[in-house]
Amino acid sequence: MGRKFQFEVQYTLSLIVGVLGLIGTETLNGYIRLEVGLAFLVIGGVHLILLSIVYSFEKTVSIPIPLVVRIEEISVWTLRLATLFFVYLLSHGLSKSLLPTVDPETNRGLIVFGLPLLPVVIIVMVYILSILPFKRFSDDVSITIVPDGLTIFENYEEGRPGHIEVVNDSERAHEFEIVIDLPENVYARYKGEEYADEIIETLSFSGKGLQTMDLQFRHDSSTQKMALTKVQVDYKESTREIEWETLLAL
């Protein structure tokens, strides 16, 4: 999933404007912690500066620069920190407004730490349990299809074989399915067997490695036409789809 810098800048600016509005409004600034608000503004400002550096170099330099890549990785964490600080600020304000009869001195822990930190903890746990595994899989596993376009003939021997190269760049273990959805009238030979409609293969990595699916194709169409062979990567409840342009030639 590529980053959308324009949306990210708009999102960050909207949060900064919101916090500045809370701090600058006399009737509202008593509901937020000023030091946390200032910390958020600093993190949000740093995040915008990092985004500016990354965006400017991505648009002007055609090759990756290690320092810029590292800055982009840091900007991911500044965005997450800014979001968590903002959630804490809102939760703290809601805690004070919803508990007006609670003595702020005797129940300081409840107002300052207990209730405001609860949404932050929930968000962090959701990220670790439900989002992080998919992000790691996306970062670790890459799929390459060779060639970019297939030309399929009536016999296996006439066409060029196709290859799906799957690379795990990390030491983490991954297991997932590759589903190849074949067009109508197209058949594939894989591991000595012929398939129609679809091929399902489960790939497992215990660490870094490369696995290749080597395929041959044929068709029985009476006309020459274009089609799409779809390659799906199924990881848990997530699916990534790659389209493979296919020409059925006579």
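Note that these values count all heavy atoms, side chains included, but never hydrogens, waters or copies made by symmetry.
- One hydrophobic cluster holds both Leu51 and Leu67 under the rule that ILVMFWY side chains link at heavy-atom gaps under 4.5 Å.
- Counting non-hydrogen atoms of other residues, nucleotides and ligands closer than 6.0 Å to CD of Gln211 gives a total above 12.
- The side-chain heavy atoms of Ile200 and Glu177, taken from C-beta on, include a pair separated by under 4.5 Å.
- Rounded to the nearest 0.5 Å, atoms CG (Leu84) and CH2 (Trp77) are 9.5 Å apart.
- Going from atom OG1 of Thr229 over to atom CD1 of Ile180 covers 8.5 Å, rounded to the nearest 0.5 Å.
- By the neighbour-count criterion of 12 heavy atoms within 6.0 Å, atom OH of Tyr55 is sparsely surrounded, having that number or fewer from other residues, nucleotides or ligands.
- Within the 4.5 Å cutoff, the side chain of Glu201 has heavy atoms near those of the Lys191 side chain.
- In this structure, Leu210 CG and Glu165 CD are separated by 6.0 Å, a value rounded to the nearest 0.5 Å.
- With rounding to the nearest 0.5 Å, the separation of OG1 in Thr151 from CG in Leu247 is 5.0 Å.
- Summarising the local packing, NZ of Lys225 is surrounded by more than 12 heavy atoms from other residues, nucleotides or ligands at distances under 6.0 Å.
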**Message:** Under the criterion side-chain contact (heavy atoms from CB on, under 4.5 Å), I'd like the reasoning laid out for Leu50 against Thr78: C-alpha separation, chi angles, the key distance, then a yes or no.
**Reply:** CA-CA 9 Å; Leu50 296 180; Thr78 55; 3.9 Å; yes
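- Nearest heavy atom pair, residue Pro147 against residue Gly162, reads CD-CA, 4.3 Å.
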**Prompt:** Between Thr239 and Val233, is a side-chain contact (heavy atoms from CB on, under 4.5 Å) present by the stated rule, with each step listed?
**Reply:** CA-CA 6 Å; Thr239 298; Val233 184; over 6 Å; no
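- To the nearest 0.5 Å, atom CD1 of residue Ile123 and atom CZ of residue Arg80 are 13.0 Å apart.
- At least one side-chain heavy atom of Arg218 sits under 4.5 Å from a side-chain heavy atom of Glu194.
- In the hydrophobic clustering of ILVMFWY residues, with side-chain heavy atoms under 4.5 Å counting as a link, Val46 and Leu48 come out together.
- By the salt bridge (charged side-chain N to carboxylate O under 4.0 Å, His left out) test, Glu245 pairs with no residue at all, sequence neighbours left out.
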**Asp220/Tyr187 under side chain to side chain donor-acceptor pair (under 3.5 Å): CA gap, chis, key distance, verdict** = CA-CA 8 Å; Asp220 59 6; Tyr187 303 87; 3.0 Å; yes
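- Residues Ser142 and Asp169 come closest through the heavy atom pair OG-OD2, 4.4 Å.
- A pairwise comparison of heavy atoms in Ala249 and Gln224 identifies CA-OE1, 3.7 Å as the closest pair.
- Looking at residues two or more places apart in sequence or on another chain, you find a salt bridge (charged side-chain N to carboxylate O under 4.0 Å, His left out) between Asp140 and Arg172.
- Closest of all the heavy-atom pairs between Ala188 and Ile199 is CB-CD1, 3.7 Å.
- Between Ile242 and Trp244, every side-chain heavy-atom pair lies at or beyond the 4.5 Å cut-off.
- Screening Val9, Leu13, Leu15 against Tyr11 for a side chain to side chain contact (heavy atoms under 4.5 Å, CB included) leaves a single residue, Leu15.
- For Tyr127, the ring-ring contact (aromatic ring centres under 6.0 Å, His included) test picks out no residue, with sequence neighbours left out.
- Side-chain N or O atoms of Ser75 include one that pairs as donor or acceptor with a backbone N or O of Glu72 at under 3.5 Å.
- Residues Leu182 and Phe217 are in side-chain contact: their nearest non-hydrogen atoms beyond the backbone lie under 4.5 Å apart.
- Between Leu215 and Met213, the shortest heavy-atom contact is CD1-O, 3.7 Å.
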**Message:** Thr202 vs Glu175, test: side-chain contact (heavy atoms from CB on, under 4.5 Å). Steps then yes/no.
**Reply:** CA-CA 7 Å; Thr202 300; Glu175 182 173 325; 3.8 Å; yes
**Message:** Checking His219 against Asn185 for the side chain to side chain donor-acceptor pair (under 3.5 Å) test, could you report, in this order, the C-alpha distance in whole Å, the side-chain angles of both residues, the deciding distance, and whether it holds?
**Reply:** CA-CA 5 Å; His219 74 84; Asn185 302 118; over 6 Å; no
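- The distance from the CG atom of Leu20 to the CG atom of Leu41 is 5.0 Å, given to the nearest 0.5 Å.
- Using the six-membered ring where Trp is involved, His174 and Phe137 have ring planes that are perpendicular, over 60° apart on the 30 and 60° scheme.
- Both Val124 and Tyr88 belong to a single network of hydrophobic side chains, linked directly or stepwise wherever heavy atoms of I, L, V, M, F, W or Y lie under 4.5 Å apart.
- Ring geometry for Phe86 against Phe40 counts as tilted: the plane angle lies between 30° and 60°, on a 0 to 90° scale.
- Annotation: side chain of Ile143 is in contact with side chain of Arg240 (closest heavy-atom distance under 4.5 Å).
- Phe57 is not connected to Val69 by any chain of hydrophobic side-chain contacts under 4.5 Å among Ile, Leu, Val, Met, Phe, Trp and Tyr, and they are in different clusters.
- Using a 4.5 Å heavy-atom threshold, the side chains of Ile43 and Phe85 count as touching.
- Between the side chain of Asn168 and the backbone N or O of Val141, no donor-acceptor pair lies under 3.5 Å.
- A donor-acceptor pair under 3.5 Å links the side-chain atoms of Ser56 to the main chain of Ile53, judged by distance alone.
- The shortest heavy-atom contact between Glu198 and Val179 is OE1-CG1, 3.9 Å.
- Between Val167 and Thr144, every side-chain heavy-atom pair lies at or beyond the 4.5 Å cut-off.
- In this structure, the side chain of Ser221 engages the main chain of Thr223 through a donor-acceptor pair within 3.5 Å.
- Following chains of ILVMFWY side-chain contacts shorter than 4.5 Å, one can reach Leu34 starting from Ile16, so the two form part of one hydrophobic cluster.
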